[in-house]
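Everything on this sheet refers to the single structure shown next.
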Amino acid sequence: MAAALRLGNSSSSCPRPDLAPSDFHLFGPLKRHLGGMAFETEDDLISELRNWFDNLDVDFFRVGINSLLSRWQKCNDLHGDYVEKYR
């Protein structure tokens with residue numbers, strides 16, 4: 001919303017998605033990391049997730065956060081008819 005106000009809009013024309021663009025930035029690499037792994041317990045999974053997050057470089061988060069404004073702008077320019085394709 002703050003970005004919308006800075007861009008001169010009183011409200012966003014984008015529909016509220018179930019997942020934010022930042023989720024996609026996170027889930028792709030996480031899926032690749034966990035691919036093929038099996039966990040005996042939920043605690044084992046949680047431990048692996050914590051390990052993965054702890055070892056991410058600060059730039060991973062910086063890139064994801066910095067891309068949010070341009071993705072929002074694309075969505076706004078296309079009046080919410082915007083879907084980004086991920087590989």
Side-chain angles (χ1 to χ4, degrees):
M1 187 59 143
L5 294 174
R6 281 198 306 274
L7 293 171
N9 298 314
S10 60
S11 66
S12 171
S13 62
C14 291
R16 263 189 91 108
D18 291 335
L19 296 172
S22 56
D23 294 331
F24 291 105
H25 179 76
L26 174 68
F27 290 147
L30 180 57
K31 181 180 176 181
R32 285 189 293 277
H33 174 75
L34 295 175
M37 292 184 180
F39 302 95
E40 291 187 23
T41 67
E42 185 176 330
D43 287 339
D44 291 343
L45 171 60
I46 291 170
S47 177
E48 183 60 33
L49 289 172
R50 285 186 175 145
N51 218 11
W52 185 73
F53 278 107
D54 287 346
N55 288 304
L56 285 176
D57 189 70
V58 171
D59 286 334
F60 175 83
F61 296 101
R62 186 171 305 152
V63 167
I65 291 168
N66 287 339
S67 68
L68 291 175
L69 182 58
S70 65
R71 290 178 180 174
W72 178 88
Q73 186 62 56
K74 286 179 187 178
C75 180
N76 190 55
D77 292 346
L78 296 171
H79 306 288
D81 189 22
Y82 170 72
V83 175
E84 186 158 341
K85 294 175 175 61
Y86 290 87
R87 296 179 210 161

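Note that this is a predicted model, so its numbers are computed, not measured. Only heavy atoms go into these numbers, but all of them, side chains included; no hydrogens, no water, no symmetry mates. Counting begins at 1 with the first residue of the sequence.
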Hits for ring pair (Phe, Tyr, Trp, His ring centres under 6.0 Å) against F39, two or more places apart or cross-chain, chain-then-number order -> none

Here the gap from L49 atom CG to H33 atom NE2, rounded to the nearest 0.5 Å, amounts to 7.5 Å

Across all chains, not counting sequence neighbours, the side chain to side chain contact (heavy atoms under 4.5 Å, CB included) partners of R50 are I46

Show the atom names and distances, to 0.1 Å, of all donor-acceptor pairs under 3.5 Å that link a side chain in residues 54-61 to residues at least two apart or in another chain.
from: N55; atom 1: ND2; to: N51; atom 2: O; distance (Å): 2.8
from: D57; atom 1: OD2; to: D59; atom 2: N; distance (Å): 3.0
from: D59; atom 1: OD1; to: R62; atom 2: NH1; distance (Å): 2.9

Are F53 and L34 connected, step by step, through hydrophobic side chains (Ile, Leu, Val, Met, Phe, Trp, Tyr) whose heavy atoms are closer than 4.5 Å?
yes

Contacts of D43 meeting salt bridge (charged side-chain N to carboxylate O under 4.0 Å, His left out) (sequence neighbours excluded), chain-then-number -> none

Value for CG (L26) from NZ (K31), rounded to nearest 0.5 Å, stands at 13.5 Å

